[in-house]
Asker: 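My structure is below; once you've seen it, I'll send some questions.
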Amino acid sequence: MGVNLKDLIPEEAKMVIEDLRMLRGRIVVIDGYNALYQFLTAIRQPDGTPLMDSQGRITSHLSGLFYRTINILENGIKPAYVFDGKPPEIKAREIEKRRKIREDASKKYEEALRRGDVEAARRYAMMSAKLTDEMVHDAKKLLDAMGIPWIQAVAEGEAQAAYIVGKGDAWASASQDYDSLLFGSPRLIRNLTISGRRKLPRKNVYIEIKPEIIELKKLLEKLGITREQLIYVALLIGTDYNPDGVKGIGPKKALQLVKAYKTLDKILKAIPKTEFPVEPEKIVEYFLNPPVTTDYKLEWKEPDESKIREILVEEHDFNPERVKNAVERLVKAYREHIRSKQMGLEAWFS
DNA sequence: CACACTTA
DNA sequence: TAAGTGTGG
């Protein structure tokens, strides 16, 4: 589930976005896997059943991707999605851990359904949700039809996003996870792909969720550490490459330790008999120099209405009226915020 | 999560 | 205009 830096981010390093239009004209690289997974888990009936077409194929991820992307475009934000490639070898333990969680949740889901506990069923359905290759494939196809660029990462999407933002080809990365900060993304937007109101788990209370920007430079300044040291902190708390972290060390102690001992060598000496599934040096190296591709281009194109209709209405039984309305909004947003601004003089005279 | 519609 | 409800696929 990524690195949990939540309790370490000082208020001063965060900037709450009151209105998405504040990001007008900015290019944002969205972690596609993270976004799709969120839609897949969130867009469900009360008992946990996802949206499905007449052939029983799940469509929750497509619904979320479609409408949310249009929303983002209407606010003048230029989205690009990045998708994970082959997970690195050092992630094996985390992947196995997730598989186990899904498996257990799947059993509990069936049980909950049997005893008629709708709320529990929903929770376990969310936990057992798996994003398949087919779902990702469908999502890419839909993005193509919408004219939205997507990038295939070599390995970690968050690493690729960080690279693109670092190079200045985009303004920020967007994900619920903090990993892109460790990979060096200068700016991370959280809560971009979730709506304004969200139900607190297990409570019948709704809270306002607003997008927020975390600036890496400010974060490091406020914490008084370097990016390398932030990676050490993550290592102590737990990352995808050592999911259990170090026993007995939470965010607070981790930061203390890193500030006290400063170098990885000394930090490791301060926590003797700690075992790591992967050598810590190797994990640090991966965050500092992950495999990325330089072969990408960010280009927005005119949406192709008939292709969109083909995918959503014909293949997946979306309501034609709803899709038509949404495409109208999409085309309008494209013309207002994207085409006009990326047209050079050349296009004007042709 | 988001749309479409209702309610006040 | 804001918030509540039912439903989407």
Side-chain angles (χ1 to χ4, degrees), chain A residues 1 17-21 28 30-75 77 79 81 113 118-119 121-132 134-139 141-143 145-146 148 174-177 189-212 303 305 307-333:
Chain A
M1 292 307 294
I17 306 167
E18 295 295 335
D19 189 329
L20 272 189
R21 283 175 296 188
V28 174
I30 302 171
D31 179 352
Y33 183 94
N34 190 267
L36 292 184
Y37 188 76
Q38 273 190 90
F39 299 138
L40 177 64
T41 53
I43 304 180
R44 278 162 194 269
Q45 291 172 356
D47 71 349
T49 312
L51 301 187
M52 288 181 289
D53 63 23
S54 56
Q55 304 198 40
R57 293 173 300 197
I58 293 178
T59 54
S60 297
H61 60 302
L62 294 178
S63 178
L65 180 67
F66 182 55
Y67 293 115
R68 190 62 201 171
T69 302
I70 293 173
N71 224 290
I72 287 169
L73 285 160
E74 283 181 315
N75 283 283
I77 301 167
Y81 286 84
L113 270 188
V118 174
E119 267 183 55
R122 187 173 213 278
R123 277 203 310 278
Y124 291 126
M126 288 169 74
M127 285 170 69
S128 57
K130 163 113 172 88
L131 197 60
T132 66
E134 191 188 358
M135 291 181 198
V136 174
H137 177 82
D138 279 352
K141 241 174 56 178
L142 179 59
L143 289 172
M146 294 174 76
I148 307 296
S175 175
Q176 290 310 95
D177 292 343
I189 303 176
R190 299 190 70 244
N191 304 338
L192 183 68
T193 50
I194 60 177
S195 76
R197 269 167 45 114
R198 188 190 236 193
K199 193 173 172 292
L200 241 48
R202 290 163 174 278
K203 287 181 209 148
N204 226 350
V205 185
Y206 286 85
I207 48 159
E208 273 281 316
I209 303 263
K210 286 177 186 162
E212 61 188 27
E305 170 154 21
K307 258 194 207 153
I308 293 172
R309 204 176 44 227
E310 204 177 291
I311 297 168
L312 294 180
V313 179
E314 276 142 51
E315 279 180 46
H316 293 296
D317 307 314
F318 277 57
N319 181 311
E321 197 86 7
R322 276 194 178 199
V323 170
K324 190 169 172 289
N325 282 336
V327 169
E328 241 163 64
R329 287 167 47 206
L330 170 62
V331 171
K332 185 160 175 271

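Residue numbers start from 1 in every chain, and the chains themselves are labelled A, B, ... in the order their sequence lines are given, proteins ahead of strands. Since the structure is predicted, the reported quantities are computational estimates derived from the model, not experimental observations.
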Asker: Just by modelled atom types, is the A/V118 backbone N or O under 3.5 Å from a matching donor or acceptor in the A/R122 side chain?
Answerer: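 Between the backbone of A/V118 and the side chain of A/R122 there is no qualifying donor-acceptor contact (under 3.5 Å).
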Asker: Short question: side chain of A/S60, backbone of A/F39 - any donor-acceptor pair under 3.5 Å?
Answerer: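 Pair absent, no side-chain N/O of A/S60 close to backbone of A/F39.
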Asker: Over how many whole Å does the gap from A/N34 atom CG to B/dC1 atom P extend?
Answerer: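 Those two atoms, CG and P, are 13 Å apart.
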Asker: If you compare every side-chain N and O of A/N325 against the phosphate oxygens of B/dA4 (OP1, OP2), does one of them come in below 4.0 Å?
Answerer: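 Checking A/N325 against B/dA4: at least one side-chain N or O falls below 4.0 Å of OP1 or OP2.
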Asker: Tell me, which of residues 47-57 of chain A have any heavy atom that sits under 4.0 Å from an atom in DNA chain C?
Answerer: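 Heavy-atom contacts with DNA chain C come from A/P50, A/L51, A/M52.
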Asker: From CZ of A/R322 over to P of B/dA4, roughly how many Å is that when rounded to an integer?
Answerer: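 Distance, rounded to whole Å: 5 Å.
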Asker: May I have the distance from A/I58 (atom CD1) to B/dC1 (atom P), rounded to whole angstrom?
Answerer: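 After rounding, the reported distance stands at 18 Å.
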Asker: Roughly how many Å is it from CD in A/Q45 to C1' in B/dC1, rounded to a whole number?
Answerer: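 Nearest whole value for this atom pair: 14 Å.
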Asker: Do the side chains of A/L20 and A/E74 get nearer than 4.5 Å, heavy atoms only?
Answerer: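 No, their side chains stay 4.5 Å or more apart.
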Asker: Round to the nearest Å and state the distance from A/K210 atom NZ to B/dC1 atom P.
Answerer: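 Distance check: A/K210 NZ to B/dC1 P gives 16 Å.
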Asker: How many Å lie between NE2 on A/H61 and P on C/dG8, as a whole number?
Answerer: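 Roughly 19 Å, once rounded to whole Å.
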Asker: Given the rule in the side chain to side chain donor-acceptor pair (under 3.5 Å) test, do A/D177 and A/S175 qualify, once you have shown the distances and angles that lead to the verdict?
Answerer: CA-CA 5 Å; A/D177 292 343; A/S175 175; 4.6 Å; no
Asker: Atom CZ of A/F39 to atom P of B/dC3: distance rounded to whole Å?
Answerer: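 To the nearest whole Å, that distance equals 11 Å.
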Asker: If we only count heavy atoms from C-beta on, is the A/N191 to A/Q176 side-chain gap below 4.5 Å?
Answerer: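 They are in contact (side-chain heavy atoms under 4.5 Å apart), so the answer is yes.
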Asker: Taking A/T41 for the side chain and A/M126 for the main chain, is one N or O donor matched with an acceptor at less than 3.5 Å?
Answerer: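 Not a single qualifying donor-acceptor pair exists.
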Asker: Would you kindly give the CG-to-P distance between A/L36 and B/dA2, to the nearest whole Å?
Answerer: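 In whole Å, B/dA2 P and A/L36 CG are 13 Å from each other.
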Asker: OP1 or OP2 of B/dC3 sitting under 4.0 Å from any side-chain N/O of A/R329?
Answerer: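 Answer yes for this pair, as a side-chain N or O of A/R329 is under 4.0 Å from OP1 or OP2.
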